[in-house]
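For reference, the structure is listed below as C-alpha cells.
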Amino acid sequence: MRENKRHSPRVERIERALIQLSSGCARRGESGVTVSAQIRDVSVTGFKALLPAHIQEGAIVDVCISVVDHMHRYLLVAQVMWVKLDEENEEYCLAGFRLLPSEESDLMMWMRAFRGISHPGKHSVDRKRKALFGH
C-alpha cells in the first residue's frame, strides 16, 4: 500500500500544520488558500496528515508545522504522495507527504530534530489530541 512506503521510521504525533494549497493543487476551487491540517505521524522524510480539503496527488505544497514540544515552527516544502478520503467524513482526506529539499525551508533543522525519534507513548498522544481538539 502506498501509505507504507516511507523508508524512515515514523512516530505517531498529533501536531498542527498549515498547508498552502497553490494553484492547480486543490480541488473544488480551493486553490490559493491555506488549510489547517492535523498531523498524524512524522518521520525524517515525511508525514501523514488529515486535511479538511481535497488535495491532488503529486502536488508540491508549502507547509508550516508547529511542533509543540520543540516550541518551534518548521517551514517546509512537500510533495503529496498519496491521498484517500477519510472513512469518517468524506469532506476530509488523509494524505502522505514527502519532504523536499529547498533553500528556503527548515528541512535540515527538521531532519536534525527528528533523527532518532522515539515514540512518545499512546498516553502522551491521547493527551495532546485532547488538548488540541477537545476530544
Side-chain angles (χ1 to χ4, degrees):
M1 184 175 206
R2 293 178 297 173
E3 285 184 56
N4 297 321
K5 287 194 174 183
R6 215 175 317 154
H7 298 286
S8 302
R10 66 182 87 185
V11 171
E12 181 181 352
R13 290 186 67 97
I14 304 298
E15 304 290 353
R16 282 274 189 204
L18 296 175
I19 299 176
Q20 177 70 40
L21 302 179
S22 59
S23 175
C25 160
R27 291 187 241 173
R28 298 189 204 162
E30 295 164 334
S31 64
V33 300
T34 300
V35 297
S36 179
Q38 180 190 63
I39 301 297
R40 296 293 179 93
D41 71 39
V42 299
S43 73
V44 171
T45 59
F47 62 92
K48 177 171 64 175
L50 178 68
L51 293 90
H54 295 262
I55 192 168
Q56 293 289 346
E57 191 172 307
I60 306 295
V61 295
D62 292 321
V63 180
C64 177
I65 300 177
S66 294
V67 179
V68 175
D69 56 339
H70 292 190
M71 295 178 60
H72 189 78
R73 290 184 185 152
Y74 297 91
L75 302 175
L76 303 163
V77 176
Q79 181 177 20
V80 180
M81 300 305 292
W82 56 266
V83 179
K84 71 176 190 177
L85 290 179
D86 182 46
E87 293 174 2
E88 296 176 16
N89 183 345
E90 290 189 3
E91 291 297 314
Y92 284 73
C93 71
L94 285 168
F97 294 83
R98 178 174 54 115
L99 298 176
L100 302 173
S102 169
E103 286 183 24
E104 297 155 9
S105 82
D106 295 328
L107 181 59
M108 295 310 289
M109 288 188 337
W110 173 273
M111 292 176 82
R112 281 192 299 274
F114 285 98
R115 193 170 321 243
I117 54 178
S118 61
H119 197 291
K122 182 174 176 9
H123 182 67
S124 157
V125 170
D126 287 343
R127 196 169 49 242
K128 187 178 281 188
R129 181 179 288 127
K130 286 178 186 174
L132 287 173
F133 304 103
H135 54 351

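It should be emphasised that the depicted structure is a prediction, and the values quoted were computed from it without experimental measurement. Along the sequence shown, residues carry numbers from 1.
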Check: H54 side chain, L85 main-chain N or O, donor-acceptor pair, under 3.5 Å: no

Quick one: pull up CE in M81 and CG in L99 and give me the separation to the nearest 0.5 Å. 11.0 Å

Once rounded to the nearest 0.5 Å, what's the spacing between atom CD of E57 and atom CD of Q79? 9.0 Å

V35 and its side-chain contact (heavy atoms from CB on, under 4.5 Å) partner, picked from V61, L18, I55, I19: I19

Check the orientation of H72 and Y74. Use parallel for under 30°, tilted for 30 to 60°, and perpendicular for over 60°. perpendicular

Value rounded to 0.5 Å, distance of CE in M71 from OG in S66: 11.5 Å

Can M108 be reached from F97 by stepping across I, L, V, M, F, W or Y side chains whose heavy atoms are under 4.5 Å apart? yes

Looking only at atom types and distance, does a side-chain atom of D106 sit under 3.5 Å from a main-chain N or O of L75, one as donor and one as acceptor? yes

Quick check: closest heavy atoms across A49 and A37, and the distance to 0.1 Å? CB-CB, 4.3 Å

Rounded to the nearest 0.5 Å, what separates atom CD in E91 from atom CG in D86? 11.0 Å

Taking the side chain as every heavy atom from C-beta outward, state whether V63 and V77 have any pair of such atoms under 4.5 Å apart. no

Nearest heavy-atom approach of F114 to V44 is O-CG2, 3.3 Å

Spacing of CZ belonging to R40 relative to CD1 belonging to I14, to within rounding of 0.5 Å: 6.0 Å

Taking all atoms of both residues into account, what is the closest heavy-atom pair of S36 and R16, and its distance? OG-NH1, 3.4 Å

Using atom types as modelled and distance alone, determine if a side-chain donor or acceptor of E15 lies under 3.5 Å from a backbone N or O of V68. yes

